[in-house]
Amino acid sequence: MRACFRLPLVPPLDAPLLKDAEALRRNGKLDEASSALDALASAPDPAVQALAIGKRARADLARGRIPEAIAGFEASIRAHRAAGRVSDELLDRFALSYTLLYNGRRFAEARAALGALGPLEAVHPEGRALKPYYEALLSSESGDLRAALRQLDASAAGAERLGLGDHRRHVLQMRADLLQTLGRPLEAQALLREVKALLPASSAPCEKASLLNDIGWNALHVAWASGGSSGPRAGAGAGARWAGAGARRGRARGGRGGAGAPGDFRTADRAKEGRG
């Protein structure tokens, strides 16, 4: 028997002013973007209001205004739920979880933000593929790297089924980082080579730089392993650990298909505004 399910759809959202505000935000013009988004937060269309609130939360996050960003994401999530925009609620819940995790290490609240996705996953296949990635961030930051690997495998498999090539690349890159941390640099090397082969020539410079950085650190770890060393010498070891942690945080951020303005979420901002 074939499984059957229904996906709720909403009409595409035509909001030129919202797109203009988003362009300002992505170009780092946060003051101008915030002013434009504040005006749109009282727009007559509830869907535009909800999106504006979520984008303003991202601008607040980029400026280091963490309490305001968290409150903004919570408000946008409620507004998306009221407007019936499932994918937008999912995206902002991912963003909220990330913000709670990396700004105060509020693990329980970050997990709760993801846990609330349960009822939505049944009607949103892409959300089911993305959620394990954010669960892996939580597992990784709490030190359970093997659980993180399992969650990344689940996310990569879901991405492959749905044709989410960009997301799958990011998952594989993070998996390589964790394998390296676990002392398995040759396996990490194979994954990084796969990611490099899959990376489109049109990728953003920051995304290319992130991958090259990981390839460089991996080459060092492979050399240390082949030379019989258990790891980098004093001083270099701290740098390697710092670089790995920074890479994990960086891969959780970024615009659609690449690095974007601060406060973006690479995997959490995939949906275009017209999807419900």
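The figures that follow rest on heavy atoms only: side chains count, while hydrogens, waters and symmetry mates do not. Everything numeric here is computed off the predicted structure, so don't read it as measured data.
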Using residues 65-77 as the side-chain source, report each donor-acceptor pair under 3.5 Å to any protein atom, sequence neighbours left out, with the distance given to one decimal.
unit_1	atom_1	unit_2	atom_2	d
Ser76	OG	Gly72	O	3.4
Ser76	OG	Phe73	O	2.9
Ser76	OG	Asp92	OD2	2.7

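A distance of 8.0 Å separates CG in Leu138 from CD in Gln151, rounded to the nearest 0.5 Å. Rounding to the nearest 0.5 Å places CG of Leu90 at 10.0 Å from NE2 of His80.
For Ala15, the side chain to side chain contact (heavy atoms under 4.5 Å, CB included) criterion is met by Leu13, Leu18, Val48, not counting sequence neighbours. Shown here are the side chain to side chain contact (heavy atoms under 4.5 Å, CB included) partners of Arg161, two or more places apart in sequence or in another chain: Ala157. Partners of Arg56 according to the side-chain hydrogen bond (donor to acceptor under 3.5 Å, both in side chains) rule, which considers only residues two or more places apart in sequence or in another chain, are Asp38, Asp60. Applying the side chain to side chain contact (heavy atoms under 4.5 Å, CB included) criterion to Leu199, with sequence neighbours excluded, gives Arg169, Ser203, Glu207, Lys208, Leu211. Under the rule for a side chain to side chain contact (heavy atoms under 4.5 Å, CB included), the partners of Ala147 that lie at least two apart in sequence or sit in another chain are Ser139, Asp144, Arg150.
The shortest heavy-atom contact between Ser97 and Leu114 is OG-CG, 3.5 Å.
Phe94 and Tyr134 have parallel rings, their planes meeting at less than 30° on a 0 to 90° scale where 60° marks the start of perpendicular.
Arg81 places none of its side-chain heavy atoms less than 4.5 Å from the side chain of Arg78. Using a 4.5 Å heavy-atom threshold, the side chains of Ser140 and Met174 count as touching. Residues Glu141 and Tyr102 are in side-chain contact: their nearest non-hydrogen atoms beyond the backbone lie under 4.5 Å apart. In this structure the side chain of Ser87 never reaches within 4.5 angstrom of the side chain of Glu126, judged on heavy atoms. A 4.5 Å side-chain heavy-atom check between Leu37 and Glu22 finds every atom pair outside the cut-off.
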For the pair Glu89 and Arg85, evaluate salt bridge (charged side-chain N to carboxylate O under 4.0 Å, His left out) and give the outcome as yes or no after the intermediate values.
CA-CA 6 Å; Glu89 180 180 345; Arg85 299 189 67 84; over 6 Å; no
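Hydrophobic clustering, with ILVMFWY side chains joined whenever heavy atoms are under 4.5 angstrom apart, groups Leu152 together with Leu182. Hydrophobic clustering, with ILVMFWY side chains joined whenever heavy atoms are under 4.5 angstrom apart, keeps Ile215 apart from Val222.
Side chain of Asn213 to main chain of Ala209: no donor-acceptor pair is present (N/O by atom type, distance under 3.5 Å, no hydrogens or angles). Under the 3.5 Å distance criterion, the side-chain polar atoms of Ser34 are matched with a main-chain donor or acceptor of Leu30. Side chain of Thr99 to backbone of Ala95: a donor-acceptor contact under 3.5 angstrom is found. At least one donor-acceptor pair closer than 3.5 Å links the side chain of Arg58 to the backbone N or O of Gly54. Between the side chain of Asp45 and the backbone N or O of Ala47, at least one donor-acceptor pair lies under 3.5 Å. The backbone N or O of Pro185 lies less than 3.5 Å from a partner atom in the side chain of Asn218, making a donor-acceptor pair. Within the 3.5 Å criterion, the main-chain N or O of Arg128 finds no donor-acceptor partner in the side chain of Glu121.
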